[in-house]
2 protein chains.
Amino acid sequence: MASGEVASSATAKYLQIAADLAAQIKSGALAPGAIVPSEAELIQRYGVASGTVRKAVAELRTAQLIETYHGRGSFVRSRPPVQRKSADRFRRTHRQAGKAAYLAEAEASGGVPSVTVLFVGPTAAPPEIADRLGLPAGTQVLARKRRYFRDGVPTEEATSYLPWDVVKDIPEVFAENPGGGGIYARLEEHGHSLAEFTESVRARLATKPETKALTLSPGAPVIHLVRDAITTDGRVVEVCDTIMAADQFVLDYRFPARD
Amino acid sequence: MASGEVASSATAKYLQIAADLAAQIKSGALAPGAIVPSEAELIQRYGVASGTVRKAVAELRTAQLIETYHGRGSFVRSRPPVQRKSADRFRRTHRQAGKAAYLAEAEASGGVPSVTVLFVGPTAAPPEIADRLGLPAGTQVLARKRRYFRDGVPTEEATSYLPWDVVKDIPEVFAENPGGGGIYARLEEHGHSLAEFTESVRARLATKPETKALTLSPGAPVIHLVRDAITTDGRVVEVCDTIMAADQFVLDYRFPARD
DNA sequence: CAGTGGTCTAGACCACAAA
DNA sequence: TTGTGGTCTAGACCACTGG
C-alpha cells in the first residue's frame, strides 16, 4: 500500500504489538530480567514504522511491564513482592526491643532493608508541615530526610519534621543514626509520650525528581503518606512526609466499628 | 536548518512546550475548563512538527493538567477539591441516623453525591475475596456493584461481596436501595454486630476498563482499597473492593501508639 | 461539512552504553 | 565503533464532534 497507511482495524497497531509482547511476558516466554527485542528488530518483525514500535514500548512501560534504558535496551521487569505496612510497625514493644519501624516491618516482608540518611539539619517548615505542627509557616524545625532500600533497590523516601523546642535537648536525633528504636524511642525517653498517629494517604504520579530518587519509570504512581505523631498532651511532635513507589507497598489499616 | 532537525539543548523541545503550557495553566492564563489551543495552532505557534506537539500534550495529560477529547479538543482540568475518607464514615451513630457511609462522608466534602447500582446478584467469589471471607474460591456469594458520582462525575466504583448464608434472610440487601444506613445497618439488625474493619490500600495505574468506568485519562492512577467488615464473633461478613480515582481522594487513618 | 485529536510512515540525527 | 533508545520532521489518512 501507499505511504500514510493507517490502522483500520478495531484496535490500534501499537496496542496490538504491546498486547502481543505483554502476552509473551505473562506467559514467561520473556522472563523477568530478560532483554526485550530491540526497537529495530521489532520494526522488522512487525513490519511497522519506528514511531509505532515506540508507542507500543511506551505502553508496556506505563503498564510497569518493562523498564527502558537509553543506550542499553529494554528489560522485563522483575516484580519484587510487595511490602505490607501496618500500624503494628509502630508498636511500643517494637521500639523497646530496639527495632526501628522499618526494621520491624522488614522482618515480615523478606528482603534486605537498608537506609541512607540524605540530610539532617534545620529547615524552614513547608506550609503544610507547619500547619500540622501548629507552627507559623517557615518556622525553623529539624528535618531528617532518608531513603529506604530493599535488596539495594530504593523503595521509599521519608522526611521527618520535628519542632525545634522538642529536639533541642535530644542530641541523638541530630545524629545520622538516632539509636535503637528510632526517633520515636528517643522522644518517649524525653517525656514526649506518644498517644496516637494519624496518617493521610494520597496517590498520584511521580514527579520528575521522584522518578530519579526512586528509579521509577516516568508516569509511575507513588503513594504520598503524611503521618502526625501525637503525644498524650495532644501535641504533634513529629510530621513524617513519605513518598513510596506504589508498586512496592500495600498499606494495612484496622479500625473499630465505633459508635 | 535542514530536515531531521533535532534538539541540541539540555531539555527536549516537547518538554519545553509542555512546561510553557503548564506555566500558563498555573498562572491562570489558561483557566480551568478553558480549551487549550488546537494542535494545529500549537504547531504553528512553536514552529515544530505534529509529533512534537503531540508529545507535549501527552505530557500535560499524564501530569493531570488537561483532558483531551477526540474530535472536540483539549481542556484545562478543573480540579475539584478532594474528598477526605476517614474511618469516621463507618460510625454506628451515622448508620442509626439513617445515613449510608458515602453520604455521611459527602456532607463534609461538599459536592452533590449520587450512586448508580450496576449489579446486584449471585456471583462466584473471586479468589482473593473468597480468601478474605474464609470460603473456598468460587463459592456463590452476593455481589453488589455500584458506581459513585460527585457533581455527576464518576469518582469511585465499589463491589461488596457477602456470604450467601448471611444475606439469604435479609431481603433488603437484594434491593437496589438497601434502606437507611446502608447494608451495614441491615447486617446489624439481623444479628451481625460489627466489631471492626480492616482496609488494605494499594495504588496503581488504571486499567483500560477502569479509565472508561471513571472517565480517567489513560495512565491515570487509582487507589485500590479492599475492606473487610468483621463481626464481634470474628467473622468477615462483607468484603468491599473499591477503585477510586486517585486525584479525588485523601484517605485518613488514625491509630493508637499501642504497646 | 470543517475542525479536532489519534494513528502511522519513512526516514533523520542525537545521546548513551558496551565491547 | 556498533547498537541501543530518545527526539524530531513533514507529511498522510482515519475517526470523532460539532455546527
Side-chain angles (χ1 to χ4, degrees), chain A residues 1-21 34-62 65-77 208 211-212 215 217-219, chain B residues 1-21 34-62 65-77 208 211-212 215 217-219:
Chain A
M1 290 202 275
S3 78
E5 180 175 3
V6 131
S8 52
S9 59
T11 77
K13 266 190 202 177
Y14 79 94
L15 289 176
Q16 292 179 31
I17 295 171
D20 187 29
L21 292 170
I35 188 164
V36 176
S38 76
E39 296 183 356
E41 185 177 339
L42 293 176
I43 288 168
Q44 286 216 336
R45 182 180 300 180
Y46 291 102
V48 296
S50 65
T52 306
V53 157
R54 284 193 59 71
K55 285 191 77 174
V57 169
E59 199 71 11
L60 293 175
R61 191 176 42 216
T62 66
L65 288 173
I66 66 171
E67 288 169 347
T68 61
Y69 298 95
H70 195 166
R72 279 206 290 148
S74 300
F75 300 85
V76 178
R77 244 184 119 147
K208 280 264 149 58
T211 60
K212 282 211 160 188
T215 62
S217 311
Chain B
M1 293 201 273
S3 79
E5 180 175 4
V6 131
S8 52
S9 57
T11 77
K13 265 191 204 176
Y14 79 94
L15 289 176
Q16 293 179 30
I17 295 171
D20 187 28
L21 292 171
I35 189 164
V36 176
S38 77
E39 295 183 358
E41 185 177 339
L42 294 176
I43 288 168
Q44 286 217 338
R45 184 181 300 180
Y46 291 103
V48 297
S50 66
T52 307
V53 156
R54 284 192 59 73
K55 285 190 77 172
V57 169
E59 199 70 11
L60 294 175
R61 192 178 41 215
T62 66
L65 288 173
I66 65 171
E67 287 169 348
T68 60
Y69 298 95
H70 194 167
R72 280 206 287 149
S74 300
F75 300 84
V76 178
R77 245 182 115 145
K208 280 265 147 61
T211 60
K212 281 211 159 186
T215 62
S217 311

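As the structure is a computational prediction, the values presented were derived from the model and not from experiment. Sequence lines set the chain letters: A, B, ... in the order given, protein chains first and strands last, and positions in each chain run from 1.
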Task: Value in whole Å for how far the P atom of D:dG3 lies from CZ of A:F75 - done: 16 Å
- [ ] Return the value, rounded to whole Å, for the distance between atom CD1 of A:I35 and atom C1' of D:dG5.
- [x] 11 Å
- [ ] Nearest whole angstrom, please: distance from the C1' of D:dG3 to the CD of A:E41.
- [x] 13 Å
- [ ] Report yes if some heavy atom in the side chain of B:V36 is under 4.5 Å from a heavy atom in the side chain of B:V76; otherwise report no.
- [x] yes
TODO: For A:S74 and A:T68, work out which heavy atoms get closest and say how close.
DONE: OG-CG2, 3.2 Å
Open item on the list: Given A:I43, which partner from the list A:S50, A:S38, A:P37 fulfils the side chain to side chain contact (heavy atoms under 4.5 Å, CB included) test?
Closed with: A:S50
Task: side-chain N/O B:S38 vs C:dG3 OP1/OP2, d < 4.0 Å - done: no
N/O to N/O distances under 3.5 Å, protein versus nucleotides 17-19 of chain D:
none

Task: Approximate separation, where rounding is to 0.5 Å, of A:T52 OG1 and A:K13 NZ - done: 6.5 Å
Task: Separation of atom CD in A:Q44 from atom P in D:dT4, rounded to whole Å - done: 11 Å
- [ ] Measure the distance from CG on B:L42 to P on D:dA10 and round it to the nearest whole Å.
- [x] 17 Å
Open item on the list: Quick check: closest heavy atoms across A:A56 and A:I17, and the distance to 0.1 Å?
Closed with: CB-CG2, 3.7 Å
Task: OP1 or OP2 of C:dC8 under 4.0 Å from side-chain N/O of A:Y14 - done: no
TODO: Calculate, to the nearest 0.5 Å, the distance between atoms CD and CD belonging to B:E59 and B:Q16 respectively.
DONE: 12.5 Å
Open item on the list: I need the B:L21 CG to B:L42 CG distance, nearest 0.5 Å.
Closed with: 6.0 Å
Task: Distance, rounded to the nearest Å, where B:E39 contributes CD and D:dC14 contributes P - done: 18 Å
TODO: Using whole Å, report how far CD of B:E67 lies from C1' of C:dG5.
DONE: 15 Å
- [ ] Identify, residue by residue, the members of residues 46-59 of chain B with a heavy atom below 4.0 Å from DNA chain D, and return them in order of residue number, or none.
- [x] B:V48, B:A49, B:S50, B:T52, B:K55
Task: Any B:T68 side-chain nitrogen or oxygen under 4.0 Å from OP1 or OP2 of C:dG6 - done: yes
- [ ] Taking all non-hydrogen atoms of both residues into account, name the closest pair between B:R72 and B:I35 and its distance.
- [x] O-CD1, 4.1 Å
Open item on the list: Distance check needed: C:dG3 C1' versus B:I43 CD1, whole Å only.
Closed with: 13 Å
